[in-house]
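Data first, discussion second: the structure below is written as structure tokens.
Just so you know, ligand 1 is whichever comes first in the structure, and atom 1 is the first atom listed for that ligand.
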Amino acid sequence: MLELRNLSKSYASGRPVLSNLSWNFKAGEFVSIMGDSGVGKSTLLNLIAGLDTPDAGPGDSPIIVDGVPMSGLDDDAATRLRRARMGFIFQAFHVLPHLTLLQNVALPLLLNGLPTVRAAEMLEAVGLGGRGGDFPHQLSGGEMQRVAIARALVHRPALVLADEPTGNLDPDTAHSILSLLRREIKATGACAIMVTHSQAAAQMTDKTLQLSKTGIQETTIVNTFKQ
Ligand SMILES: Nc1ncnc2c1ncn2[C@@H]1O[C@H](COP(=O)(O)OP(=O)(O)OP(=O)(O)O)[C@@H](O)[C@H]1O
Ligand SMILES: [Mg+2]
């Protein structure tokens, strides 16, 4: 569902951050990406999200989403693809403070012109059913991340991108948040890519990739997660 073909990125300063990465991510897979700080994990997610552009010569298509080369899309088309087909979860939540929880979760539906009834169902699914009228400042960090997960998944995106989603949470809360994320992506058949520094978090995914200066490769982490 997501194909990387010789993906490279260097910033204006010249030093290459990513060089010639290739990988196929499949629908329904929950994949973690680990690697040293500064190796380019967030850069990789931003490129996949279309928030940053890869180095590419004419005719190159280093990122292909559902058979569609991202490089062939203009800004509007890329925005539509991102809105309709992707969901995002970040360490710092990015929940909008002036909207209620229900309004936060309904946002991707509104932006895609979809009926908003599913927002309440999704809040229910993440255990915040009775709190739709609350505002984000009334929540704990773990609860905030539940809202972020509900918002990332409410429009049933094919691809979920998460950058250290449990980086600010204690281990028990992190575990319950990742169980929830896993359950929801398995229920919708999405592909999810999660960057993490935590072995415990990586253990809850189907597959762990190690990003290093030499490229990307699968690594073995004993999977202790039991459904
Ligand atoms: N906009 C930018 N301009 C120039 N250099 C950048 C920019 N964004 C990132 N970099 C550089 O690219 C490299 C990779 O950064 P990135 O944020 O992707 O790392 P990371 O693997 O996510 O690290 P961490 O685990 O600390 O979050 C770093 O050396 C960083 O300084
Ligand atoms: Mg990062």
Side-chain angles (χ1 to χ4, degrees), residues 2-25 29-57 60-65 70-71 73 75 78-79 82 86-95 141-142 144-145 147-149 151-153 157 159-171 173-175 177-178 181-182 185 190-221:
L2 167 67
E3 194 181 340
L4 307 181
R5 268 197 220 152
N6 296 317
L7 173 67
S8 298
K9 175 70 183 175
S10 31
Y11 286 106
S13 49
R15 191 179 63 87
V17 177
L18 303 173
S19 26
N20 286 310
L21 295 187
S22 295
W23 201 266
N24 275 329
F25 296 89
E29 249 184 358
F30 187 11
V31 180
S32 47
I33 298 184
M34 301 189 81
D36 293 343
S37 187
V39 81
K41 303 179 298 298
S42 298
T43 301
L44 176 60
L45 287 194
N46 288 340
L47 291 170
I48 295 170
L51 300 172
D52 202 351
T53 44
D55 306 344
D60 285 352
S61 38
I63 302 173
I64 300 165
V65 178
M70 299 270 282
S71 54
L73 303 177
D75 282 355
T79 302
R82 185 161 56 240
M86 299 186 190
F88 303 93
I89 309 167
F90 300 96
Q91 181 174 357
F93 315 127
H94 293 271
V95 172
M144 204 101 86
Q145 204 57 311
V147 175
I149 289 174
R151 190 187 50 186
L153 298 172
L159 181 60
V160 177
L161 301 174
D163 199 350
E164 300 190 51
T166 54
N168 282 335
L169 306 176
D170 67 76
T173 307
H175 186 270
I177 289 290
L178 291 180
L181 178 59
R182 186 180 169 90
I185 62 166
C191 169
I193 304 175
M194 172 176 75
V195 165
T196 182
H197 283 285
S198 155
Q199 294 266 349
Q203 278 177 1
M204 300 188 59
T205 63
D206 301 324
K207 187 182 275 185
T208 301
L209 306 180
Q210 183 80 29
L211 183 62
S212 69
K213 286 195 189 94
T214 55
I216 202 164
Q217 65 187 80
E218 192 170 343
T219 164
T220 313
I221 297 217

Looking only at protein heavy atoms, what sits closest to atom 13 (C) of ligand 1 is Gly38 O, 3.5 Å
Close-contact set for ligand 1 against Asp36 heavy atoms, below 4.0 Å:
21 (O)
Ignoring hydrogens, what is the shortest heavy-atom contact between Trp23 and Glu218? Give both atom names and the distance.
CH2-N, 3.9 Å
How far is atom 12 (O) of ligand 1 from the closest protein heavy atom, and which atom is that?
Val17 CG2, 3.4 Å
Counting non-hydrogen protein atoms only, what is the nearest one to atom 17 (O) of ligand 1? Give residue, atom name and distance.
Ser42 CB, 3.8 Å
Considering non-hydrogen atoms of the protein only, which is the closest contact for atom 30 (C) of ligand 1, and what is the distance?
Arg15 NH2, 4.7 Å
Could you list which atoms of ligand 1 come closer than 4.0 Å to a heavy atom of Glu164?
27 (O)
Tell me which protein heavy atom sits closest to atom 4 (C) of ligand 1, plus the residue, atom name and distance to 0.1 Å.
Tyr11 CG, 3.3 Å
Return yes or no for this condition: an N or O of Gly40 is under 3.5 Å from an N or O of ligand 1.
yes
Using 2.8 Å as the threshold, say whether any N, O or S atom from Thr43 sits that close to the Mg ion (ligand 2).
no
Does the Lys207 side chain pair with the main chain of Glu29, one donor and one acceptor, at a distance under 3.5 Å?
no
Shortest non-hydrogen contact from Leu21 toward Gly215
CD2-CA, 3.8 Å
At less than 4.0 angstrom from any non-hydrogen atom of Thr43, what atoms of ligand 1 do you find?
14 (C), 15 (O), 16 (P), 18 (O)
Closest heavy-atom contact between Val65 and Met86?
CG2-CE, 4.2 Å
Do we see a donor-acceptor contact under 3.5 Å between the side chains of Tyr11 and Asp52?
yes
Any donor and acceptor pair, going by atom type alone, linking the side chain of Ser198 with main-chain N or O of Gly167 inside 3.5 Å?
no
Quick one: do Leu209 and Met34 satisfy side chain to side chain contact (heavy atoms under 4.5 Å, CB included)? Show the steps, please.
CA-CA 6 Å; Leu209 306 180; Met34 301 189 81; over 6 Å; no
Considering the heavy atoms of Ser37, write down every atom of ligand 1 situated less than 4.0 Å from one of them.
23 (O), 24 (P), 25 (O), 26 (O)
Between the side chain of Asp163 and the main-chain N/O of Val195, is any donor-acceptor distance below 3.5 Å?
no
